Amino acid sequence: MASPGDDIVSPFGPLQNELARMRGANLTTAIQDVDKIIEYLVAARDQVAAPDADHHRISMAMTTLQNPVKDRLEAINNDLRDVTKAQRSFGKALDKALPQRELPMGTDAMADHPSLINRAIAMHLVREGQFSVASTFVRESRDQQPPLSLEPWSPRTARTDEDGDDDMIQEDGEEERLTGHGVNNYPEDLQGQFAEMYSLLSELRNRNLGPAIKWARQNNSRLESAGSNLEFELCKLQFVWLFKGPEVNGLPDDERNGEMGALRYAKEHFARFQSRHLKEIQQLCGAIVFAPNIEQSPYRHIFQIDSAFEDVATSFTREFCSLLGLSAESPLYVAVTAGSIALPRLIKYNKNTKEKKTEWTTENEMAFETPLPPSMIYHSIFVCPVSKEQTTEQNPAMMLPCGHVICRESLHNMAKGSRYKCPYCPTEGHLRDAIKITL
Amino acid sequence: MTDHENSSIKHSDHLLLDQPLLRLPNELLRKNFRAAHFAIEKDTSTLKTLLRDSATAALSGRATQQDVLKNLDAMISRMRGVKRKLGAYADEEARLHTQTAARIQHLDELYTMHSIEDVKYEAWSRKRLDRLLADYLLRHGYNDSAKELASEKNMENLVDVDTFVSMSRIREALLNGSVAEALAWCTENKKELRKMESKLEFMLRLQQYIELIRTQSQPKLVEAIAHAKKYLMPYWGTYPKEVKQACGLLAIPPDSSYGIYSDLYKSTRWNELADLFTTTHNSLLSLPSVPLLHVALSSGLSALKTPACHSSHADDIYNDTGSSSALGHGVCPICSTELNDLARNVPYAHHTKSHVEHDLFLLPNGRVYGKERLEDYARKSGLSPNDVKDPVTGQTYPMDLLKKVFIT
Ligand SMILES: [Zn+2]
Ligand SMILES: [Zn+2]
């Protein structure tokens, strides 16, 4: 395996050379030769058509025409041969640069769910701000199959099946029958939401915090219960931004700007944050005392805001999506990227198990590991140290009074009657003292 | 295996999904060249004969000046025709060269990155997603959406709008009961179709025959017999069963309920023909039979999925309200509305080691969190330093009720 220091040589360099060669040997050379032939023919015609053309001259013209035309026809053949050669050698270079490898097409777990895929794409386009493409897509998919029902979208409609996979199949069929090609239960209100998000983001990037603060205030209780301090973060940045004064923030040089403007802002807006953020408010106001020697003060870091607007835009996006029950990154993007990372393993597994004829998609759990980068692991994963199995709802993690954790099945397997002995320390105890935990 | 290793890009593996990107223009270049070659060969061999014959005629004195001029004009116009056709092929060739160059450059870019966490990688991977989306849209006939997406994202050279638009035109024609377009396509690709032993042309001819008989009119039946002699009999050796059945069809009217014959009269045969055409078309052009988006999603959804993503447990209602998932990377993409239902169709990922926060503590409500997150959340919530709050359920507990959890 290559370590990051190694230079991995791109196989596309040689391919680029072959392409250059192929672009050199192209059909235009043949066109030039055809042009020459036309020239000869036209010249011969002029001679034959001349008023003083007699039998001898006409014969001469036609005879002398023969060899040059034949030569050019031969040249055309050579031109074409060159094109073929260049194409062949490009083809070989292509096989080398990008060797053909079989993809797992045998079982397509996605084939029966165009409507779910269409909905995912529509939502992806909307969340990426591609409103125009999204609306074209909605129109085209409606034209293909007229909708029978228009169900309003809500973040919870996706979670209807709570009692197992069996009737999921029926529900799926139901859904595709009712809503045609799926984008019909297209989240119309979602587009409005994202339009708002993008307009607030563009204000933020123009260093105008007002609209975002207003939004955060309106959604304050939901944000707080989700553990977000977005409103305070925005107000804090507004304070610092005012504090910087008109030379930096470009706002009118009046009593609402500069150090005094910041103080005034703090008086008007910080009261509501006192219980939660007293310490930070004290720091901010402490800075006013230090001004203009902030650089020498302990509060220096609060006023370094080079990336503050970008940072706050990122947390704004995350919180905004989170309130809609959506992840901040497009799930489609994450899934396709994860898919390309996991694909080699899948191919390898399929190759090894081809003769067994068990389809990987029909199992509950994958039979092989598909490691993803840490940034793509979202849930806590607990693998029981005894059975090496992942815990699930049916087989949850159990904590013993000593603090060690194993899965319920392992615990019951090693219990003697109603008592167990911890496999990791010398404690023993009652099964009933083990607690089911949620990681 | 270290986490760092999981982030590094294994370049050749990473391009598995990108094979058709270069394969298709390569196939199209070859196809374009074959067509150009064919046109030149046909016209130049006519030119050769005409040139020789008119010279002989001129020499022998059999041809008048007018005759020679007429011959020359014919030759000139034929060569101008060649030039025109070649010009179109050369344009297509240049277009495909440009496309290939853009595509090679795009793939080459990946080699300037070494880690998934590289900022440049996200832009690259997003472009790939857009390409896969365009491919999916085109394969489903959402041509305008695909075109718009390609132009919005400035990636016309990376998507195959033309190929799929002409394909969907032929497909539509079949679904509307017309074989002419598909037959013309078969003629264009005769040699290759023979090489891959395609059944398409036979099935199209058979359908023409069925449609003639369906009318049950005398002249059409006569025509059907002539059609069978000309187009079906040559397949006697290859598809004896089908040809024999076809012959029998002459005696069976369309309202018959007689097994195989009622099948032959079925209107759904047109859908089957459309699908057969699509399959043939894709394999001729080295296009994958399934949208690559499906391949990427099957693989990606299962790699990301965990047992928690479809948990029916009451606690996990919190996933719905969009609380950040345990490891603090925001809402899980599988739990997000977009993919949750779709992901029911794949298994969840296999893990051999635990991924949990550091320094775990158990709350009295049975939920476990890392110390750092509890402290951080308590600070944000303005709690006293002796209290903690469950970041998911919002319950507050005094610190001394917490128990340390040991993960082995
Ligand atoms: Zn223990
Ligand atoms: Zn999840």
Side-chain angles (χ1 to χ4, degrees), chain A residues 4 10 12 23 27-28 31 34 38 41 45 48 58-59 62 105 108-110 116 120 123 133 136-137 140 158 162 227 229 275-276 322 325-328 331 334-339 342-344 346 363 365-366 369-371 373-374 377-383 385 392 403-404 437-439, chain B residues 3 6-7 13 16 55 58-59 68 72 76 79 83 86 90 97 104 108 111 114 116 125 129 142 144-145 148-149 290 294 296 298-300 303-304 306-308 311-312 322 325-326 330-333 336-342 345-347 350-351 354-356 367-368 380 382 391 406 408:
Chain A
S10 163
F12 294 107
R23 293 179 101 165
L27 291 171
T28 46
I31 296 181
V34 172
I38 296 173
L41 290 170
R45 193 196 184 281
V48 174
I58 293 175
S59 302
M62 291 311 284
M105 306 263 179
D108 183 2
M110 301 290 112
L116 292 175
M123 288 179 76
V133 184
T136 307
F137 180 43
E140 278 191 316
E162 300 288 11
N229 286 330
S275 65
R276 286 177 149 235
S322 176
L326 303 174
S327 70
V334 179
V336 164
T337 304
L343 194 56
L346 186 58
E363 304 294 327
E365 181 178 354
M366 304 274 279
E369 205 175 11
T370 45
I377 294 177
Y378 293 83
H379 296 283
S380 294
I381 307 252
F382 178 69
V383 177
T392 60
H404 288 118
I437 61 170
T438 307
L439 279 151
Chain B
D3 284 346
N6 293 343
S7 297
D13 277 353
L16 279 166
L59 281 170
V68 178
L72 280 167
I76 291 169
M79 288 320 278
K83 190 186 165 179
L86 266 184
H97 283 158
I104 295 176
D108 191 43
Y111 281 81
H114 301 291
I116 305 289
S125 188
L129 171 64
Y142 304 134
D144 290 346
S145 311
E148 217 175 306
L149 182 64
V290 164
H294 288 193
S298 309
S299 153
L304 289 164
T306 71
S311 146
S312 65
S325 54
V331 176
C332 159
S336 196
T337 317
E338 286 99 322
L339 298 178
N340 196 262
D341 279 347
L342 196 57
N345 304 294
V346 295
H350 179 70
H351 288 272
S354 300
H355 294 266
V356 290
R367 304 182 71 94
V368 174
K380 277 186 183 170
F406 298 101
T408 26

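Everything quoted here is computed from the prediction, not taken from an experiment. Lettering follows sequence order; numbering is per chain, from 1.
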### Query
Who wins among Ala55(B), Gly300(B), Ser354(B) for the most heavy-atom pairs under 4.5 Å with chain A?
Ser354(B)
### Summary
Most heavy-atom pairs under 4.5 Å with chain B, out of Thr392(A), Ile58(A), Val34(A), Val133(A), belong to Val133(A)
### Message
Using the side chain to side chain donor-acceptor pair (under 3.5 Å) criterion, which residues pair with His404(A)? Sequence neighbours excluded.
### Response
none
### Query
Based on non-hydrogen pairs under 4.5 Å, which of Thr370(A), Val334(A), Ile31(A) is most in contact with chain B?
Ile31(A)
### Task
Determine, stepwise, if the pair His379(A) / Leu439(A) fulfils side-chain contact (heavy atoms from CB on, under 4.5 Å).
CA-CA 9 Å; His379(A) 296 283; Leu439(A) 279 151; over 6 Å; no
### Task
Taking the side chain as every heavy atom from C-beta outward, state whether Pro344(A) and Leu16(B) have any pair of such atoms under 4.5 Å apart.
yes
#### Entry: Under 3.5 Å donor-acceptor, Glu148(B) side chain and Thr136(A) backbone
no
### Message
If you count heavy-atom pairs within less than 4.5 Å of chain A, which of Leu129(B), Asp144(B), Thr306(B) leads?
### Response
Asp144(B)
#### Entry: Results of side chain to side chain donor-acceptor pair (under 3.5 Å) for Thr408(B) - residues two or more places apart only
none
### Query
Non-hydrogen atoms of chain A under 4.5 Å away: do they reach the side chain of Ile116(B), the backbone, both or neither?
side chain
### Residue Leu339(B) versus chain A: region with a heavy atom under 4.5 Å
side chain
### Message
Let's test your reading of the structure: which of Ala58(B), Pro307(B), Ala90(B), Ser336(B) forms the most heavy-atom pairs below 4.5 Å with chain A?
### Response
Ser336(B)
### Task
Any chance you could measure Thr337(B), atom OG1, to Met123(A), atom CE, to the nearest 0.5 Å?
5.0 Å
